[in-house]
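To keep things clear, I will list the structure first and then write my remarks on it.
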Amino acid sequence: MFDDRYTLAYKRYPYKKSADQDAATPVRHPVVVMGGGPVGVATALDLGRQGIPTLVLDDHEGVGMGSRAICFAKRCLEVAGRYGCGKPMVDKGVVWNIGKVFNKDDQVFEFNLLPEEGHEYPAFINMQQPYYESFQLDRFEELQKDGAPIEIRGKNRVDSVEVHDDYVTLHIMTPDGPYTLEAEWLVGCDGAASPLRTMLDLDFTGKVFQDSFLIADIKMKNDNFPTERWFWFEPSHGGGASTLLHKQPDDVWRVDFQIGWDVDRKEEMKEENIRRRLDAFLGEGVQYDMVWSSIYTFQCKRMDSFRHGRVFFAGDAAHQVSPFGARGANSGMQDVDNLGWKLGMVIRGEAPESLLDSYNDERIHGADENILNSTRSTDFITPKSEMSRLLRDAVLDLSEKHEFARPMVNSGRLSVPCTYDGSPLNSSDALDGPARSRPGSVCPDAPLGDDFLLNKLGDKFILLTIDADAPDVIEEAGIQVTRLALSTTDDKSGALRERYLGDNDKAVYLIRPDQHVAARRPSFDENQIRAAIRRAIGKE
Amino acid sequence: MTDLILTPNIDGVDDFYAELLAAHEGLSKEDSDALNARLVLVLANHIGDRAVLSKALKAAQLSD
């Protein structure tokens, strides 16, 4: 009845019979989340911190085995930080900044992610996905102990759903047999193969790439490879048409070989064949243990809509990209960041249901940006026509000698947070300020004494004033907006000025609970700010 | 905005053409194609202006 689809790395939420299973009539929950992966658990963290009862259903009992996603970007860590589990991730993860690109066997250039000073979190960390999930689950349990109304049920497999106008019925299978639940809102975080998407017969369209990659995660003590991202185009070792080497914690390395489309997966997955590729790549006599391996093909696809009435889709269930650029898990976390506060406000009756459509608008925008970037990287890494290869090779050959061609080399454009340009929640930009903090942008972090700006912003609506007057609290349309008053006299690093003022002496920013800018102005204007608040919660 | 120049603009155009042919002399088809691809990229970077580059692509496509 329960066939495990994968082996667990950590059993975290063993099946326990719930009272709901014996209820005479189906128990109704405010929010049910399908899927206990990184995105599903993050959804519960977000809503649970708002005090909204959230039930996560997962068909397994813990964290799946395998490194899988390994690159976690700054925005993802900032969001995890707000949920209370960012610090242990950074402590465990490997921080890296340098990338090297090789054409055949010659290094053509190296790049530095040039992490800007004055951010609490690094540009990227590498860490095996099971660690990421475990830190989230640790936080989940902490929040439960503190009384947050969140729960996760293992071996609870949703077999069918009925979507009604104002609730969803879920038919669930457990080791004790079936039971039925109702959810006022259902969030599908059930992964790229999303059973929920299939149950609702919803389209998932896009482009499938005809190539396969072999991941071999190996454990080795090796000082020859520093903590950098190394990418080879057409390496002569022949282990793969392209090869990526990237460090993870615990002396584990990710090796990713491009092995072509027509491969015999079963044959390629044999240890002796994986080792043959690895030996060709690493050289004879290098000792290593194999940790995890997998062959993957990939696609860039998304659903037409991420909201279907009372049902939302988030993460891989809603959109899928190629792995180049680390835009999978990182964009899933941005989905949660976007949906959490909106769903919270609607459930509390503070905002109209139409606010939830902006989740669709904004995250479709994000998904399209990710798909565009990852498609372009894929076209560069695995050129599919003779001319596409010719131009790609021309870029690589030129890049070794001439600086101009280096930005054209595309071995993955690394995930940066999406700016919601054109979002219906934005007010028009009234400040001639820095482009990076225009309405729709995520607030760039900045040091504030021993602390950081993003910590001070937290997860409520904030009126950030920099050397500008404004009331300490504004009540508008049933919500309270609190002022955070800052001054450039305390801005020793100058980061606040550079990131928020530009050439202006003062500024006022209206910031959303997900720390995106909703509006900005050179000074406080009561009518304009009140209108901006209404607009940001879907009431204008 | 700069317009794409589609009127004669190279002094000693015959010399240039001869130099272009000479660069390809003795090359295999494959190496010639690669040279052309590199040349396109070098020239495109020199032009830089995105609008001009789009117009150049259109002009090369012989579309109206």
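Pairing each heavy atom of B:L41 with each of A:F404, the nearest pair is O-CE1, 3.4 Å. Across all their heavy atoms, A:A394 and B:A34 have their closest contact at CB-O, 4.5 Å.
Dense packing is recorded around CG of B:L39, with more than 12 heavy atoms of other residues, nucleotides or ligands lying under 6.0 Å away. Other residues, nucleotides and ligands place no more than 12 heavy atoms under 6.0 Å from the OH atom of B:Y17. The local environment of CG in B:D11 is sparse, with at most 12 non-hydrogen atoms from other residues, nucleotides or ligands closer than 6.0 Å. Atom CG of A:D503 is surrounded by 12 or fewer heavy atoms from other residues, nucleotides or ligands within 6.0 Å. Within 6.0 Å of CG in A:D105 there are more than 12 heavy atoms belonging to other residues, nucleotides or ligands. Annotation: A:R376, atom CZ; neighbour count of heavy atoms from other residues, nucleotides and ligands within 6.0 Å does not exceed 12.
Heavy atoms closer than 4.5 Å to chain B are found nowhere in A:M387, neither backbone nor side chain. With a threshold of 4.5 angstrom between heavy atoms, B:V40 does not approach chain A through any atom at all.
Taken to the nearest 0.5 Å, the CG atom of B:N45 stands 10.5 Å off from the NE2 atom of A:H402. Atom CG of A:L390 sits about 10.0 Å away from atom CG of B:L35, to the nearest 0.5 Å. In this structure, CD on B:E30 lies 9.0 Å from CG on A:D393, to the nearest 0.5 angstrom.
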